[in-house]
Asks: 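Okay, handing you the structure first.
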Amino acid sequence: MNSYEGKTFNINTYGCQMNVHESEKIRGILLSLGMEEIDNPIDANVVVFNTCCIREGAEDRAYNNIMALKPEKAKDKNKILILCGCMPQQKKGKYNLKDKLSFVDIIIGTHNINMLAQYLLRFAMNHQPIYEIVEKPTGNMDTDLCVRDDKINAYVNIIYGCNKFCTYCIVPYVRGREKSRPFHDIYEEVKDLVQNKGYKFITLLGQNVNSYGKDLSEPMTFAELLQNLCKIEGDFKIKFMTSHPMDFGDDIIKVMKTEEKVAKALHLPVQSGSSPILKRMNRHYDVKQYMSIIKKVKHAVPNISLSTDIIVGFPGETESDFNKTLKLLKKVKYDQVFAFMYSKRSGTPAAEFEDQVDEKEKNIRVNKLLRLQKIIQKDQTKKYFKKVFNCLIKQINGVSVGITDGGKEIYIPNYKFVNENYFANVRVEDIRNHKLSGVIYGKR
Ligand code: SAH
Ligand code: SF4
Ligand code: F3S
């Protein structure tokens, strides 16, 4: 029996899939202390903020939401507030958290989230605020105490940290250097998720998954990892994010083509369509090299679903650079684009670049880009006509639906299935108002 038994908790997550998955581990840790999860931070005995600092907006959101709980904490001294993740791990963040958030009981970073139970037990003993930001991982970041949000798609870490140091990005400073998880651990986790827990999609996570295995005592490439995981018996597919174009070799394309279990979807951030800007971003590839990968991928895996990240208004980006990004979007025809206005991150090289782009201009550019992408995306629906996609079959509002690897829904009218969640081929027969419908087209 510990003092947390029977108490309630609430978790607020900001940022990328990595954080979403870390919050699943935090949930596991808190449940193991005998606590119960609730939706409302106002009522919860313990409130966790697992934060992000990739852009200023992410910091503002988390900061304002923690601040909103200050009066609650004043009313209920026994309420425990926890701040963790990337925001407190920064050397020089936007807010001076130690001073401004002195009402928060436990502040830790990204490298010691796995120690949360120990911190909570220590706090219960002496009620002294804990402020512990460490520079290197504390023990093993993997834990069996992980309770996932989703029943179909499971996130699995394969590599932590990032060595790339793109000049705009804070991640290498708050997540440390690349560290691959041993193959055996990944294999066992995926096997358990597929064979014992019924997961249909496994999403391998890393800031740069393509760097997997270089640092292991028994090195293994990312392509080999994919191949080895495909040997696990079961009806499932593997997704992965995020890939870096520089490390995206032909071996990965080959595995995507040949392995049935590798999802036919790829998120390949380009960031900009202008080579001089890519150079200033320290991305290690130019537009020509990026386009050559896209060409090869499209050739090897026809109908692949492609997505990307774009930064608009990077320091020095001219109208002409920006137009090159628009041109690239028209050429590639992504199924989805995530566009961000450049946000200065202190401590990163680009924050010191002199030719910063005006906020208003960034806003105009990002809206222009999103408008263009909307048109491209609408037009893209045409490419689905009469094509066959291997889909996960589900029931949504009483209708059978096939979900493609890229997440697109194909309605299958008049089709009754015996049980949910299996893969089958679906052929698109009709497109109305950009909504797809089709028929089952043989079994996988
Ligand atoms: N490791 C992944 C994800 C990084 S963060 C990758 O390399 O792709 C996700 C996206 O946020 C990046 O791809 C980039 O487009 C965007 N981003 C990162 N830093 C940014 C900044 N300072 N301002 C605006 N967008 C940024
Ligand atoms: Fe950031 Fe670049 Fe690393 Fe991605 S690859 S996390 S954008 S430094
Ligand atoms: Fe944000 Fe940290 Fe992810 S800064 S994007 S939560 S690695």
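Worth saying up front: this structure is predicted, and the values here are computed from it rather than measured. Both backbone and side-chain heavy atoms feed into the values below; hydrogens, waters and symmetry mates do not. Atoms within each ligand, like the ligands themselves, are counted from 1 in listed order.
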Asks: Given that the side chain starts at C-beta and the backbone is N, CA, C, O, which of these parts of Phe340 lies under 4.0 Å from ligand 1, counting heavy atoms, or is it both or neither?
Replies: side chain
Asks: Parallel, tilted or perpendicular: which one describes the rings of Tyr290 and Tyr334, with boundaries at 30° and 60°?
Replies: tilted
Asks: For atom 6 (C) of ligand 1, find the nearest protein heavy atom and state the residue, atom name and distance (0.1 Å precision).
Replies: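 For atom 6 (C) of ligand 1, the nearest protein heavy atom comes out as Thr242 CG2, 3.7 Å.
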Asks: Around atom 10 (C) of ligand 1, find the nearest protein heavy atom and jot down its residue, atom name and distance.
Replies: Asp309 OD2, 3.4 Å
Asks: With a 4.0 Å cut-off on heavy atoms, does Arg175 reach ligand 3?
Replies: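 Distance cut 4.0 Å: Arg175 passes for ligand 3.
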Asks: At a 4.0 angstrom heavy-atom cut-off, what protein residues surround ligand 2?
Replies: Cys162, Lys164, Phe165, Cys166, Tyr168, Cys169, Val171, Pro172, Gln207, His244, Arg283
Asks: Parallel, tilted or perpendicular: which describes the rings of Tyr173 and Phe165, with under 30° parallel and over 60° perpendicular?
Replies: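 Geometry flag for Phe165 against Tyr173: perpendicular rings.
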Asks: What part of Ser343, side chain from CB on, backbone N/CA/C/O, both or neither, has a heavy atom under 4.0 Å from ligand 1?
Replies: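 The answer is both, backbone and side chain.
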Asks: Starting from atom 7 (S) of ligand 3, locate the nearest protein heavy atom and write down its residue, its atom name and how far away it is, to 0.1 Å.
Replies: Gln207 NE2, 3.2 Å
Asks: Using a 4.0 Å heavy-atom cut-off, which part of Thr348 comes near ligand 1: side chain, backbone, both, or neither?
Replies: neither
Asks: Does the separation of the ring centres of Phe123 and His127 fall below 6.0 angstrom?
Replies: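 Between Phe123 and His127, the centre distance is under 6.0 Å.
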Asks: With heavy atoms of Pro269 as the reference, note each atom of ligand 1 found under 4.0 Å away.
Replies: 8 (O)
Asks: Tell me, do Val337 and Ile376 make a side-chain contact under 4.5 Å, heavy atoms counted?
Replies: no
Asks: Looking only at protein heavy atoms, identify the closest one to atom 24 (C) of ligand 1 and say how far it is in Å.
Replies: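 Answer, as residue, atom name and distance: Met341 O, 3.3 Å.
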Asks: How far is atom 26 (C) of ligand 1 from the closest protein heavy atom, and which atom is that?
Replies: Arg55 NH1, 3.4 Å
Asks: What residue and heavy atom of the protein are closest to atom 4 (S) of ligand 3, and at what distance?
Replies: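 Closest protein heavy atom to atom 4 (S) of ligand 3: Cys53 N, 3.4 Å.
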Asks: If the cut-off is 2.8 Å, does any N/O/S atom of Cys86 fall short of it from atom 2 (Fe) of ligand 3?
Replies: yes
Asks: Which residue supplies the protein heavy atom nearest to atom 1 (Fe) of ligand 3, what is that atom called, and how far is it?
Replies: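 Nearest neighbour among protein heavy atoms for atom 1 (Fe) of ligand 3, to 0.1 Å: Cys52 SG, 2.3 Å.
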Asks: Provide, to 0.1 Å, the distance between atom 3 (Fe) of ligand 3 and the closest protein heavy atom, together with that atom's residue and name.
Replies: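 Answer for atom 3 (Fe) of ligand 3: Cys16 SG, 2.3 Å.
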Asks: With heavy atoms of Arg345 as the reference, note each atom of ligand 1 found under 4.0 Å away.
Replies: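 Per the distance check, 22 (N).
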Asks: For Asp286 and Ser275: C-alpha separation, side-chain torsions, deciding distance, then whether side chain to side chain donor-acceptor pair (under 3.5 Å) applies.
Replies: CA-CA 5 Å; Asp286 59 18; Ser275 293; 4.9 Å; no
Asks: Specify the protein heavy atom at minimum distance from atom 15 (O) of ligand 1: its residue, its atom name, and the distance to 0.1 Å.
Replies: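 That would be Gln271 OE1, 2.7 Å.
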Asks: Please classify the Gln207 to ligand 1 contact at 4.0 Å (heavy-atom distances, strictly less than): side chain, backbone, both or neither.
Replies: both
